[in-house]
Protein chains: 2
Amino acid sequence: MNENPDLRRATVHDVAREAGVSLATVDRVLNGRPGVRPVTAEKVERAIAVLDFRRDLSASLLARSRDLRLRFIIPDGSNEFMVNLGAAIARRVRPAAGERMSIETSTYRALDAAALAASIDALEPKSCDCVVVVATEDDAVHRAIDAATRRGIAVMTLVSDLPGSSRKHFIGIDNIAAGRTAGSLLGRFCAAGGEIALIAGSLALRDHRERYEGFAGLLREEFPRLSLVGPFEGHDERAETEQLVAEVLDRHPNLVGLYNVGAGNAGLIAALQRSGKSGKVRVIAHELSETTRLGLMHGVIDVILDQNPDGEIRAAIEAARGLALGRENGESRDQHPEAIEIGIFLRDNLR
Amino acid sequence: MNENPDLRRATVHDVAREAGVSLATVDRVLNGRPGVRPVTAEKVERAIAVLDFRRDLSASLLARSRDLRLRFIIPDGSNEFMVNLGAAIARRVRPAAGERMSIETSTYRALDAAALAASIDALEPKSCDCVVVVATEDDAVHRAIDAATRRGIAVMTLVSDLPGSSRKHFIGIDNIAAGRTAGSLLGRFCAAGGEIALIAGSLALRDHRERYEGFAGLLREEFPRLSLVGPFEGHDERAETEQLVAEVLDRHPNLVGLYNVGAGNAGLIAALQRSGKSGKVRVIAHELSETTRLGLMHGVIDVILDQNPDGEIRAAIEAARGLALGRENGESRDQHPEAIEIGIFLRDNLR
DNA sequence: CCAATTTTGAGGTACGTGCCTCATGACCTA
DNA sequence: TAGGTCATGAGGCACGTACCTCAAAATTGG
C-alpha cells in the first residue's frame, strides 16, 4: 500500500511563495522570458528543486491553447519497413490528438541526404516543437540537426542514429545485439555444423554493418563448427537479392543457414522456393511485413527479428512529451526513453 | 504531409450549439447527471457523434482537480515475477503522476481468492476509478469483479484472465502461443530428435495449462521425431523443482530438451548444473528475473519467454485512461489495448 | 386550468498555466 | 538629484471542463 506523502503536486503558486517572489517572476523564469536578475532566477530554481515542482503539461498546453507539434520525417519509396513505420505513425495520430499532441509526417527521397537536410532546415520553431528523423549518415544532415536545435526545436533520431549530433535521443534497437541474437539462434538451429551465408543490403549502411559484425563475432566465439559465407550485398533490391541468393544456394549446396540483415526479403523467399531448399535451410531475416509474414507462415523463414515500429513511435512520442516538459529549464531533467526491444517472431507468435 | 482538416477539436460549447441546448444540459448528459429527457439526451448524443466530440481528459481532470485513481492488486510473496511486476508498477508512479493519474498498489496472499475478493469489495468508487487485478480463477473473485463494475469501478485483469466476468480488458500474453513458440524453438534446436521434458508449476493454473497444451500440440504436429516426457509438476517451489528436474535428468539420460512453463527456475538451474548436463540440454523457461538472467548468462538456459511487465503495466495504464474517457457515455468507444507481445530473450539480447 | 414537478437555461467559480498590461520600486548614470 | 533603465509585483483574461445555484420554462397530474 503506497500512501502519497504530498497529496497535491506543487504549483507555480507554491513555487512563488517558497521563493518569496511573485507569480510573474516565476513565470518569467519558467518560460525563459527576459528581465530577471540571476540572483532572483536562482531563488526560483531552488524553490523548484525544493518543492520538486514539475510543470503540468496538460494545463500548460491548455493555457497556450495549442498542441505540442511533433513532426516525423521519414524516407519515402517502396521500402516496406518504412511504409510500416508510416502506418504506425498514422495509427498514433488520433490517440495523440487526445493528449494535445498534433503529429505531422513528411517524407524525403530515400538516401537523399540533401533533401532531408532541407526538410529539417525548413522547420520553424513556431510551428514545430519537436522533429523525429530517420537519419542518414551525412554532414549536411548533421549540420541541419544542430541548426534546428539552436532554433529551439528538439530533434530525435529514429531507427538509424547520428551520434555526435545534437539530437536529444535515439529511438531504435541495438543492431549489434540483433546480429548476435541471429547468430545465437542459427548456431543452435545448425548444431551439426556447416556453412552459413550472410546477405546484406549494403555494408555502407550503419545498421547492416552492425548486424553483420555482431553476427560474425558471435559465430566465431561460440560456434566454431559453423563457417560464414559472405557477406554478399543485394542492395535491398528484390530482383538483385533473388539472383544473389540463387547463386549462393547453387554454389554452396551444403548450406545449412542464411541470415539476411537487410531488405529484399521477397527476392530471398522466391529464390529459396525456386531452389527447392525451402525448409531445409534455416533462415533468419529482419522486419515483419506482409512478405516476411508469409515467409514465416510457409516455413521459408524460421525467424524474423523486428524493430517494432509501433513501439518505436510510441517511445518517440513519449520522449517528445518529456522533452517539452524539461525544455528551457536550466536542468535537463529528461530521462532516457526506454530502450526498444528486438522483437523475435516465429510462425507461432506472429502478432 | 498531413493537413488537419478541423484545426480545433470540438468542445462542449460546440456540442451545445450543435444540439441547440445549453451548456448545462450537455454537461448533464456527459456526466450522467439526472434531469434530462431522453429526447434531449438523444439530441446531445447526436451532436457529439456529428462533431466527433471527445472530452479533453486533461482539462477534465484539471477541472475536477483530482487525479484519475488507479489501483493494482497483485499477489504478494516471494514469486519473483510478481515482485518484478510490482517494481514495474512502482516505476510508473511518477510518470503517471505527471499525467494526473495516481497509482496505488495493494497485495493479497498468493492464491487466496477470498482475500482478493475482499480487497476488491473494499474499493469505493469515490476513491478508485479503475482497478487492475491479477485474478485467480474463483467464483468469489468473479462476483467481486461484477459487483465492483456495478459500483462504477472499471475492472481489468492482468497476467491471468477471468473470462466471462465483467472485466473490461485483459492485459497479458497469449499463453498458448507462448507454448507453441517454445515448441517451435526447441524443435529446431533439437533437430536430431530425442526426448524433451516438460515441467510445470501446476496444471491447475490456467497459464501453465495453456502453455503445456500449445507446446505439446506443436511438437505433435511438426516434430514427430521428438517425444514429450511429462508434464511433471514442481509447484513453483525451488526445492521441489530441483529434485524433480534431477530425477528427470537421471531417468532420461538422453534428454535433449527441457521446457519449464512455470516458476522454480532457481531449482531448475541448480539441478542442471549439478548434473553436469548444463549446456548439453537445450532449455527454455519463462520470465526474466535475476535468476533466469544468470541462467542465460551462464549458458544453462537457452531462451527465456517473457511477459514484459513494464509493457503490461504501461498498457494497463493506457487502457485505464481510455476507460475513463468513455465512461458513462452511452457508446463504449473503448478500443482494445494493444496485445502484449511475448518477449523472447537469449543471452545476446538481454535488456 | 391550476399547481406541482420536472426539465432546461444562464451564468458563475474553479483547476494550473501562459501571456498580457500597468504600476511601482530599485538601481545606475550624467 | 533628475531622468532613465531595468527588475519585480499585482492582477486579469484565456484555455476546456466540472460543478454549483437560481430562475425560467416546459411538462405532467388531477
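Convention: sequence-line order gives letters A, B, ...; per-chain numbering from 1.
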Peer 1: When the distance from CZ of A/Arg100 to C1' of D/dC15 is rounded to whole Å, what number comes out?
Peer 2: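 After rounding, the gap between these two atoms is 7 Å.
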Peer 1: Round to a whole Å and report the spacing from CG of A/Leu51 to P of C/dG16.
Peer 2: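 Spelled out: CG on A/Leu51 to P on C/dG16 is 14 Å.
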Peer 1: Within this structure, what is the CD1-CZ distance for the pair A/Ile103 and A/Arg92, rounded to the nearest 0.5 Å?
Peer 2: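 Nearest 0.5 Å value for the CD1-CZ distance: 8.5 Å.
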Peer 1: Just the rounded figure in Å: distance from P of C/dT17 to CD1 of A/Ile48.
Peer 2: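 These atoms are roughly 11 Å apart.
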Peer 1: Could you tell me whether the side chain of B/Arg46 and the main chain of B/Ala41 form a donor-acceptor pair under 3.5 Å?
Peer 2: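 Checked: no pair found.
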Peer 1: Compare every heavy atom of B/Ala135 with every heavy atom of B/Leu116, then report the nearest pair and how far apart it is.
Peer 2: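 Scanning both residues completely, I find the closest heavy atoms to be CD2-CA, 4.1 Å.
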Peer 1: Separation of A/Asp14 atom CG from C/dT17 atom P, in whole Å?
Peer 2: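 That distance rounds to 9 Å.
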Peer 1: Which nucleotide sits closest to the side chain of A/Arg33: D/dT17, C/dG18, D/dA18?
Peer 2: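 Shortest atom-to-atom distance from the side chain points to C/dG18.
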Peer 1: B/Lys43 has an atom NZ; how far is it from atom P of D/dA26, in whole Å?
Peer 2: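 Distance, rounded to whole Å: 12 Å.
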Peer 1: Taking N or O atoms only and anything under 3.5 Å, show me the protein contacts with nucleotides 9-14 of chain C, one pair per line.
Peer 2:
from, atom 1, to, atom 2, distance (Å)
C/dG9, OP1, B/Ser22, N, 3.4
C/dG9, OP2, B/Ser22, N, 2.7
C/dG9, OP2, B/Ser22, OG, 3.0
C/dG9, OP2, B/Thr25, OG1, 2.5
C/dG9, N7, B/Arg28, NH2, 3.0

Peer 1: Send over the distance from A/Asn31 CG to C/dG16 C1', rounded to a whole Å.
Peer 2: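 Taking atom C1' of C/dG16 as the reference, CG of A/Asn31 is at 13 Å.
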Peer 1: Phosphate oxygens OP1/OP2 of C/dT6: is one of them under 4.0 Å from a side-chain N or O of B/Arg37?
Peer 2: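 So the side-chain polar atoms of B/Arg37 never come under 4.0 Å of the phosphate oxygens OP1 or OP2 of C/dT6.
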Peer 1: Please report, rounded to the nearest Å, how far the P atom of C/dT17 is from the CG atom of A/Leu30.
Peer 2: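 From A/Leu30 CG to C/dT17 P: 8 Å.
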Peer 1: State which of D/dG16, C/dC19, C/dT17 makes the closest approach to the side chain of A/Asp56.
Peer 2: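 Of the candidates, C/dT17 comes closest.
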Peer 1: Please tell me which of B/Leu62 and B/Ala41 maps to the more 5' nucleotide of DNA chain C, matching each residue to the nucleotide holding its nearest heavy atom.
Peer 2: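 That would be B/Ala41.
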Peer 1: Test side-chain hydrogen bond (donor to acceptor under 3.5 Å, both in side chains) on A/Thr105 and A/Arg71 and set out the steps.
Peer 2: CA-CA 6 Å; A/Thr105 306; A/Arg71 177 175 291 269; over 6 Å; no
Peer 1: So, for A/Ile74 and A/Met82, which heavy atoms are closest and what is the spacing to 0.1 Å?
Peer 2: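 Answer, listing the atom of A/Ile74 first, then A/Met82: CD1-O, 4.0 Å.
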Peer 1: Should we say atom CZ of A/Arg94 is surrounded by more than 12 heavy atoms from elsewhere, each under 6.0 Å from it?
Peer 2: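 12 or below, so no.
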Peer 1: Which nucleotide, C/dT17, D/dT17, D/dA18, lies nearest any side-chain atom of B/Arg64?
Peer 2: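 Shortest atom-to-atom distance from the side chain points to D/dA18.
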Peer 1: Between B/Pro34 and B/Ala59, which residue's closest nucleotide on DNA chain C lies nearer the 5′ terminus?
Peer 2: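 Per heavy-atom nearest nucleotide, the more 5' residue is B/Pro34.
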Peer 1: List for me each residue that meets side chain to side chain donor-acceptor pair (under 3.5 Å) alongside B/Asp27, sequence neighbours excluded, and say none if there are none.
Peer 2: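 Per chain and number, B/Asp27 pairs via side chain to side chain donor-acceptor pair (under 3.5 Å) with B/Asn31, B/Arg33.
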Peer 1: What is the distance from CZ of B/Arg55 to C1' of C/dC15, rounded to the nearest Å?
Peer 2: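 My rounded result for the distance is 16 Å.
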